[in-house]
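First comes the structure, then the notes that go with it.
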Amino acid sequence: MNMAVMDIIEKRKSVRTYETTPIGENAYASIMEYLGQEENLRGPFGGTARIEWVWAKGEDGEGKAVRLGAYGVIQNPQAYLVGVGRNDQKALLEFGYIFHKLILYATGLGLGTCWIGGTFSRKSFARELELHPGEIIPCITPLGYPREKQRLLDATMRYVVKADQKKPWRELYYDSGFGQLLAPESAGRLAAALEMVRLGPSASNKQPWRAVLSADRQQVHFYLQHTPNYSGNKLGFEMQRIDIGIAACNFELACRELGIQGAWTVHDPLLGVIDQHTEYMLSYTLR
């Protein structure tokens, strides 16, 4: 991966239409090597996830569509990365972190990806894997080379999920507590890392992350702003916990690239909350 991480974060977008070109041997080998390294499958608190490569089945050589329920049509996927994890609150956050790091890695290799968690046939993928008791398939991504000419479907889906409409800073970030908004110029060297969080993908583009930068500028506290009555999937587990893992991944990778050392902790700073839907999740403490 020769591209800078922040360039990859800015470049990544959901790809639903792929070329029929098979995935190159080098790209396949790179991803398999990545998956073979334990540290790549570990979340911020040491939890792990399993990710399996599944070649796309049912391709007839003429771009036969693989239907994924109400989510829409993924055209010409060459393979899928299938994530396997446990259905508990902490594990879902760690899954989001681990899976997103892999998606960024694949993007850096020139592959297209698309987070899919809401409506796809988990049974059909479960048949390809060996699920252990307590394991679920939270999300998958198709893989392939993005079609150069973006299909109308892609543009329509981006419009439907408002993928190009990201919330502004004033709706996401706070200074010292929830009473004061954080201006980008007040975030100092952490401004770029917080911007990478803002650009991250999330289920139905709800962008449920909120962050408070501590008064001494040494900690960033991340909160989940739950969307009432929303899980984002038929299994009932909360996709928005995965979204917080995605936010943590973008933030940490950006900090590393900026030379900002830090570590994740879970210690509620008791700053109060915006409302009853706000839940403290984790903090990044600078070294």
Side-chain angles (χ1 to χ4, degrees), residues 14 43-45 47 70-71 83 85-100 115-119 136 138-139 160-184 186-187 190-191 193-215 219-252 264-285:
S14 297
F45 303 115
Y71 193 86
R86 292 191 328 283
N87 184 5
D88 70 57
Q89 295 181 356
K90 193 171 173 185
L92 288 169
L93 186 156
E94 299 215 82
F95 175 85
Y97 175 101
I98 293 163
F99 204 70
H100 191 58
W115 271 95
I116 300 176
T119 46
I136 59 168
C139 296
V160 168
V161 300
K162 299 182 171 64
D164 297 316
Q165 298 173 32
K166 297 296 187 188
K167 287 186 166 80
W169 271 63
R170 66 178 176 275
E171 291 184 35
L172 300 174
Y173 302 134
Y174 298 84
D175 194 338
S176 310
F178 285 110
Q180 187 174 331
L181 300 176
L182 178 68
S186 301
L190 290 169
L194 288 169
E195 177 64 8
M196 295 303 110
V197 172
R198 194 180 75 84
L199 296 178
S202 57
S204 303
N205 201 35
K206 300 282 187 189
Q207 303 156 69
W209 41 74
R210 301 292 181 269
V212 179
L213 179 57
S214 65
Q219 286 188 305
V220 182
H221 306 295
F222 286 85
Y223 293 78
L224 169 53
Q225 183 70 20
H226 296 270
T227 303
N229 305 315
Y230 176 80
S231 71
N233 65 88
K234 291 175 182 172
L235 293 186
F237 69 83
E238 209 175 356
M239 296 292 295
Q240 295 192 313
R241 294 188 183 278
I242 294 175
D243 295 340
I244 299 298
I246 293 171
C249 176
N250 274 4
F251 185 79
E252 183 183 341
W264 293 107
T265 57
V266 177
H267 187 72
D268 191 341
L270 302 175
L271 299 173
V273 289
I274 302 167
D275 55 34
Q276 74 271 27
H277 303 300
T278 317
E279 181 186 356
Y280 168 77
M281 298 299 287
L282 73 173
S283 301
Y284 197 74
T285 302

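Under the 30°/60° scheme for interplanar angles, the aromatic rings of Y174 and F178 are found to stand perpendicular.
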Requested in this report: Starting from the C-alpha separation in whole Å, work towards a yes-or-no answer on ring-ring contact (aromatic ring centres under 6.0 Å, His included) for F222 and F251.
Outcome: CA-CA 10 Å; F222 286 85; F251 185 79; 5.3 Å; yes

Report task. Evaluate the side chain to side chain contact (heavy atoms under 4.5 Å, CB included) criterion for residues Y223 and L271: first the C-alpha distance (whole Å), next the side-chain angles of each, then the deciding distance (0.1 Å), finally the verdict. Result -> CA-CA 11 Å; Y223 293 78; L271 299 173; 3.6 Å; yes

Query - Residues L194, L172; criterion side chain to side chain contact (heavy atoms under 4.5 Å, CB included); working and verdict - result: CA-CA 10 Å; L194 288 169; L172 300 174; over 6 Å; no

Requested in this report: Carefully, step by step, assess Y280 and L270 under the rule side chain to side chain contact (heavy atoms under 4.5 Å, CB included).
Outcome: CA-CA 9 Å; Y280 168 77; L270 302 175; over 6 Å; no

Requested in this report: For the pair F95 and C139, evaluate side chain to side chain contact (heavy atoms under 4.5 Å, CB included) and give the outcome as yes or no after the intermediate values.
Outcome: CA-CA 9 Å; F95 175 85; C139 296; 3.8 Å; yes

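H277 is listed as a side-chain neighbour of P228, based on a closest heavy-atom distance under 4.5 Å. By the 4.5 Å heavy-atom criterion applied to side chains, I246 and S202 are not counted as neighbours. Side-chain contact between S204 and M239 is absent, with no heavy atoms from C-beta onward closer than 4.5 Å. Side-chain contact between W209 and Q240 is absent, with no heavy atoms from C-beta onward closer than 4.5 Å. Within the 4.5 Å cutoff, the side chain of V212 has no heavy atoms near those of the D175 side chain. Annotation: side chain of L93 is not in contact with side chain of I242 (no heavy-atom distance under 4.5 Å). For the pair W264/E252, a side-chain contact is recorded, criterion being any heavy-atom separation below 4.5 Å from C-beta on. The closest side-chain heavy-atom distance from W169 to L181 is not below 4.5 Å.
Using a cutoff of 4.0 Å between basic side-chain nitrogens and carboxylate oxygens, R241 and E94 are not scored as salt-bridged. Contact check on K90 versus D88 returns no salt bridge, with no Lys/Arg side-chain nitrogen under 4.0 Å from an Asp/Glu carboxylate oxygen.
Defined by atom type and a distance below 3.5 Å, a donor-acceptor pair is missing between the side-chain atoms of Y230 and E238. Using a 3.5 Å distance cut-off with no hydrogens or angles, the side chains of T278 and Q225 do pair a donor with an acceptor.
Nearest heavy-atom pair across Y97 and P44 is CG-CD, 3.5 Å. Taking each heavy atom of L282 and A248 in turn, the nearest pair found is CD1-CB, 4.3 Å. Heavy-atom minimum distance, G83 versus P138: O-CD, 3.3 Å. Pairing each heavy atom of I98 with each of G47, the nearest pair is CD1-O, 3.8 Å. Here the closest heavy-atom approach between residue S186 and residue L213 is recorded as O-CD2, 4.3 Å.
Not a single donor-acceptor pair under 3.5 Å links the side chain of S283 to the backbone N or O of H221. Judged by distance alone, with hydrogens and angles left aside, the side-chain atoms of Y173 form a donor-acceptor pair with the main-chain N or O of R198 at under 3.5 Å. Using a distance-only test at 3.5 Å, with no hydrogens or angles considered, no donor-acceptor pair links the side chain of K166 to the main chain of N205. For the pair N250 (side chain) and M196 (backbone), a donor-acceptor distance under 3.5 Å is present.
Among residues two or more places apart in sequence or in another chain, the side chain to side chain donor-acceptor pair (under 3.5 Å) test is passed with D268 by none. R210 is linked by a salt bridge (Lys or Arg N to Asp or Glu O under 4.0 Å) to nothing, counting only residues two or more places apart in sequence or in another chain. A search for side chain to side chain donor-acceptor pair (under 3.5 Å) contacts involving Y284 returns nothing, not counting sequence neighbours.
No more than 12 heavy atoms of other residues, nucleotides or ligands shown are found within 6.0 angstrom of NE2 on H267.
Once rounded to the nearest 0.5 Å, the distance linking CG of D243 with CE of M281 reads 10.0 Å.
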